[in-house]
Amino acid sequence: MVTCAVNGFGRIGRLVFRYAWDDPLLDIVHVNDLCSVESAAYLIKYDSVHGTWDKEVEVTPDGKGFTVDGKLVTFTQESDFNKVGYKEMNVELMMECTGKFLTVDKLEEYYTNCGCKRVVVSAPVKQKGALNVVLGCNHELLSDELKLVTNASCTTNCLAPVVRVIKENFGIKRGCITTIHDVTGTQTLVDMPNHKKSDLRRARSGMLNLCPTSTGSATAIIEIYPELKGKLNGLAVRVPLLNASLTDCVFEVNKEVTREEVNEALKKASEEGPLKGILGFETKPLVSTDYTNDTRSSVIDALSTQVIDKQMVKIYAWYDNECGYSKRMAELCNIVAAKYIANVEPSFKYELPLLPAPASPPKYPSNRAPARPQRGPKRRDEYPPEAPHARDHRESEQVPHGLEGLQDRVAVPLHPVVLERERARRERRRLGVHLAP
């Protein structure tokens with residue numbers, strides 16, 4: 001097992017703890033947060049959105065930790081993680097979930113001062129020396145040399161799988177996204193000064209207002225797909241809901257497409273390849289509450305897909321911005337711990353390449369021209385019984401001698417009078433009788 005600790009026990013830290021706790025490779029021995037140990041134990045057990053955890057959680061008699069099904073997890077309240085004593089605990093993997101430490105220099109102190117071998121961060125770090133990872137999209141960049149990795153952001157985890165499918169199947173010229181995002185701890189319940197963010201709109205009541213604000217998810221995509229630099233941007237609208245968000249993705253693509261082709265590519269990617277289990281595809285008319293506790297990073301609302309003027313594509317993607325993101329971070333911790341600490345196979349693999357759907361095979365060999373269509377109707381005996389040409393009003397009459405096969409060479413059934421005139425003309429020609437003009 002790999003010895004782990006969680007620094008920061010907020011919404012994401014607690015959910016990562018829940019998902020990682022059931023991983024037999026990860027041994028969580030310590031939690032550090034500014035809250036009390038009583039609050040930590042209470043909130044890991046009970047959650048208003050995600051429900052009650054099915055583990056027994058109790059504070060230890062000495063107040064220095066809590067137990068989960070009898071297993072001890074020690075607890076500290078240090079604002080400076082260097083003072084926690086991680087080196088003495090032999091912590092190998094740090095789950096950094098405060099959202100506060102976002103520079104490479106600060107995070108490297110986990111190695112130099114705390115003895116950690118690897119750090120996984122629950123927020124993007126946009127500096128050289130950190131790798132921002134979205135599982136299913138760029139996890140192949142993980143390496144033994146890169147000790148500091150992040151799980152990017154929740155909206156980036158929603159957006160990146162959609163971008164991958166559209167980019168690889170149709171190409172992206174440019175795009176813009178709007179994420180309809182639930183309230184977070186960076187907003188206030190009632191109007192009051194907000195000390196967490198400089199955005200004045202977040203000082204207004206998060207439970208009463210639609211709040212336009214920034215999102216780094218669109219620009220953060222360039223950390224995953226550098227070739228899209230300068231081509232994507234977007235905004236967020238915070239809404240008075242507690243869970244399940246929606247990203248509105250609009251792309252101008254390189255080639256003409258149809259709504260059916262876009263949905264087919266997204267559906268195929270959700271069923272096979274590295275995005276299976278990460279990207280979902282839903283055809284039922286669901287709403288936000290239906291996606292609470294959905295651990296997929298992104299779920300396509302197939303009914304809402306639109307194509308405008310053949311090259312502008314609009315896609316709605318749902319996501320549980322807490323559960324989906326936290327589940328991916330717990331999986332990323334498993335992959336990092338397995339590959340680069342324990343030297344074992346990870347439990348989670350997203351390795352199969354995602355390729356564009358193959359084009360429909362041609363109806364004829366590419367080096368041959370198509371067969372010429374048949375001219376005129378088929379022979380009478382080849383028509384189905386209900387076809388009008390099959391109704392032969394002469395079935396009881398015998399075709400005059402010498403005219404066998406004539407019917408096969410004409411387009412419509414011949415009347416008996418016509419057949420008789422043709423027989424007479426042929427007979428006169430045979431006898432050398434002059435034919436009238």
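All residue numbers in this chain count up from 1 along the given sequence.
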Chemist: Charged N to carboxylate O below 4.0 Å: is that the case for K268 and E272?
Modeler: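 Result for this pair is yes, salt bridge flagged.
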Chemist: To the nearest 0.5 Å, what is the distance between CZ on R202 and CZ on R238?
Modeler: 4.0 Å
Chemist: Begin from the C-alpha positions of T150 and N132 and carry the test side chain to side chain donor-acceptor pair (under 3.5 Å) through to its verdict.
Modeler: CA-CA 5 Å; T150 87; N132 297 286; 2.6 Å; yes
Chemist: About how many Å separate CG of L303 and OG1 of T283, when rounded to the nearest 0.5 Å?
Modeler: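 Going from the OG1 atom of T283 to the CG atom of L303 covers 6.5 Å.
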Chemist: Between E264 and K267 (salt bridge meaning N to carboxylate O under 4.0 Å), is one present in this structure?
Modeler: no
Chemist: Do you know which of L131, L107, T103 makes side-chain contact (heavy atoms from CB on, under 4.5 Å) with V125?
Modeler: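 It is L107, the one option of L131, L107, T103 that forms the side-chain contact (heavy atoms from CB on, under 4.5 Å) with V125.
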Chemist: Could you go through F81 and F101, starting from their C-alpha distance and side-chain angles, then the distance that decides it, and tell me whether this counts as ring pair (Phe, Tyr, Trp, His ring centres under 6.0 Å)?
Modeler: CA-CA 10 Å; F81 61 77; F101 307 114; 5.1 Å; yes
Chemist: What distance do N243 atom CG and C323 atom SG have between them, rounded to the nearest 0.5 Å?
Modeler: 6.5 Å
Chemist: Please check if the side chain of N334 supplies one atom and the backbone of S347 the other of a donor-acceptor pair under 3.5 Å.
Modeler: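 Side chain of N334 to backbone of S347: a pair is present.
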Chemist: One pair to check against salt bridge (Lys or Arg N to Asp or Glu O under 4.0 Å): R14 and D33. What are the steps and the verdict?
Modeler: CA-CA 11 Å; R14 293 195 297 272; D33 193 87; over 6 Å; no
Chemist: Please check if the side chain of E223 supplies one atom and the backbone of A220 the other of a donor-acceptor pair under 3.5 Å.
Modeler: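 No, E223 side chain to A220 backbone: no donor-acceptor pair under 3.5 Å.
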Chemist: A cation-pi test, strictly: NZ or CZ of K147 under 6.0 Å from the centre of the six-membered ring of Y110 and no more than 45 degrees from its axis. Yes or no?
Modeler: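 No - K147 does not lie over the ring of Y110 by the 6.0 Å and 45° rule.
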Chemist: To the nearest 0.5 angstrom, please state how far the OG atom of S297 sits from the OH atom of Y319.
Modeler: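 If we round to the nearest 0.5 Å, S297:OG and Y319:OH are 11.0 Å apart.
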Chemist: With side chains defined as the heavy atoms from C-beta onward, is the minimum distance between S288 and L241 less than 4.5 Å?
Modeler: yes
Chemist: Which pair of non-hydrogen atoms, one from Y111 and one from C116, has the smallest distance, and what is that distance?
Modeler: CD2-O, 3.2 Å
Chemist: Between the side chains of S245 and D182, is a donor N or O closer than 3.5 angstrom to an acceptor N or O?
Modeler: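 Yes - a donor-acceptor pair under 3.5 Å links their side chains.
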Chemist: Any luck finding a side-chain donor-acceptor pair between E96 and T98 under 3.5 Å?
Modeler: yes
Chemist: Rounded to the nearest 0.5 Å, how far does CD1 of I315 lie from CG of L266?
Modeler: 5.0 Å
Chemist: Hey, does the side chain of K255 reach the backbone of N169 with a donor-acceptor pair shorter than 3.5 angstrom?
Modeler: yes
Chemist: When you measure from the side chain of N32 to the backbone N and O of E78, does any donor-acceptor pair fall under 3.5 Å?
Modeler: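 Side chain of N32 to backbone of E78: a pair is present.
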Chemist: Are W53 and D47 linked by a side-chain donor-acceptor pair shorter than 3.5 Å?
Modeler: no
Chemist: So, does D320 use its side chain to make a donor-acceptor pair with the main chain of N293 at under 3.5 Å?
Modeler: yes
Chemist: Examine the side chains of S153 and T155 and answer whether a donor and an acceptor come within less than 3.5 Å of each other.
Modeler: no
Chemist: Can you tell me how far the CG atom of N7 sits from the NZ atom of K100, to the nearest 0.5 Å?
Modeler: 9.5 Å
Chemist: Quick one: closest heavy-atom pair of S298 and C158, and the distance?
Modeler: OG-O, 3.1 Å
Chemist: Report the C-alpha distance between I28 and C4 in whole Å, list the side-chain angles of each, state the deciding distance to 0.1 Å, and finish with yes or no for side chain to side chain contact (heavy atoms under 4.5 Å, CB included).
Modeler: CA-CA 5 Å; I28 304 177; C4 307; 4.3 Å; yes
